[in-house]
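Computed from a predicted structure; not experimentally measured. FYI, the numbering just counts along the sequence from 1.
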Amino acid sequence: MEKPDTRKAIRMTQTEAWESLEKGGNCSLATIDREGYPHLVAMAYALESDDIVMTSFAKTQKEINLRRNPRAAIMVESGKAYNTLKGVMVRGRAEIIPDTNKVLQVLSLVASRTSDDGRSRTGGCAVNGSVTQQARSLAAKRVVIRIHPEKWASWDHSKLPAGKY
């Protein structure tokens with residue numbers, strides 16, 4: 001009798017993976033430093049079109065790494081017990097966008113996705129409606145990191161039969 005492929009059994013559909021990203025908390029963003037080692041940081045993010053977007057202060061290590069080598073990965077995982085683990089890993093090319101208006105837009109998307117009340121706020125400054133000078137000043141020091149997905153991996157251990165873990 002042929003053994004079932006557990007890897008295939010736990011794989012999420014593309015729709016399930018995207019929904020998992022939409023519901024996820026922060027992601028882990030992996031870039032590659034100048035010595036070839038992974039550089040891993042937690043980031044708030046949002047989804048826009050088919051891309052993952054986030055902002056960062058310019059000249060941070062992750063931004064420097066991505067300018068040197070645009071290959072990046074993000075991972076979002078939930079669950080604690082083995083049979084409840086669900087996660088998505090996306091690998092792709094990152095684009096750095098140094099545009100204040102785009103930063104404000106992405107900050108608003110991230111805040112809307114992560115806020116409890118659905119109101120969009122950035123560093124204490126509302127970005128929906130009129131943009132305050134304080135919010136614009138903050139955004140001027142930031143860049144957008146847009147990751148264009150190329151490869152996906154996902155897992156949903158709740159798809160395993162009871163006792164299979």
Inter-residue atom distance Met89.CE - Cys27.SG, 0.5 Å rounding: 13.0 Å
Lys62 NZ to His39 NE2 distance, which is reported to the nearest 0.5 Å: 6.0 Å
Met12 reachable from Met75 in the ILVMFWY side-chain graph, under 4.5 Å edges: no
Rounded distance (nearest 0.5 Å) linking atom OG1 of Thr31 with atom CD1 of Ile64: 10.0 Å
Atom NZ of Lys86 with >12 non-hydrogen neighbours under 6.0 angstrom: no
CA sep, side-chain torsions, deciding dist, call: Asp50, His148, side-chain contact (heavy atoms from CB on, under 4.5 Å): CA-CA 7 Å; Asp50 292 331; His148 304 283; over 6 Å; no
Basic-acidic side-chain contact under 4.0 Å: Glu63, Lys59: no
His157 and Asn83: side chain donor to acceptor below 3.5 Å: no
Ile10 side, atom CD1; Asp5 side, atom CG - distance, nearest 0.5 Å: 9.0 Å
Same apolar cluster: Val143 and Val41, side chain cutoff 4.5 Å: yes
Candidate list Leu109, Ile74, Val144, test side-chain contact (heavy atoms from CB on, under 4.5 Å), partner Met54, passing option: Ile74
Asn65 and Gln61 side chains, donor-acceptor separation under 3.5 Å: yes
Single-linkage hydrophobic cluster, 4.5 Å side-chain cutoff, Val76 and Met43 together: yes
Between CZ on residue Arg142 and OG1 on residue Thr60, distance to nearest 0.5 Å: 8.5 Å
Heavy-atom check, side chain of Val106 versus side chain of Tyr45, under 4.5 Å: no
CZ/Arg113: more than 12 non-hydrogen atoms of other groups inside 6.0 Å: yes
Distance-only polar pair, side chains of Asn69 and Arg34, donor-acceptor under 3.5 Å: no
Heavy-atom pair with the smallest gap, counting every atom of Ser49 and Trp18: O-CZ2, 3.4 Å
Intermediate values then yes/no, side-chain contact (heavy atoms from CB on, under 4.5 Å), Ile145 and Leu66: CA-CA 9 Å; Ile145 298 171; Leu66 290 169; 3.8 Å; yes
Point-to-point distance, once rounded to the nearest 0.5 Å, from OH of Tyr82 to CG of Leu160: 6.0 Å
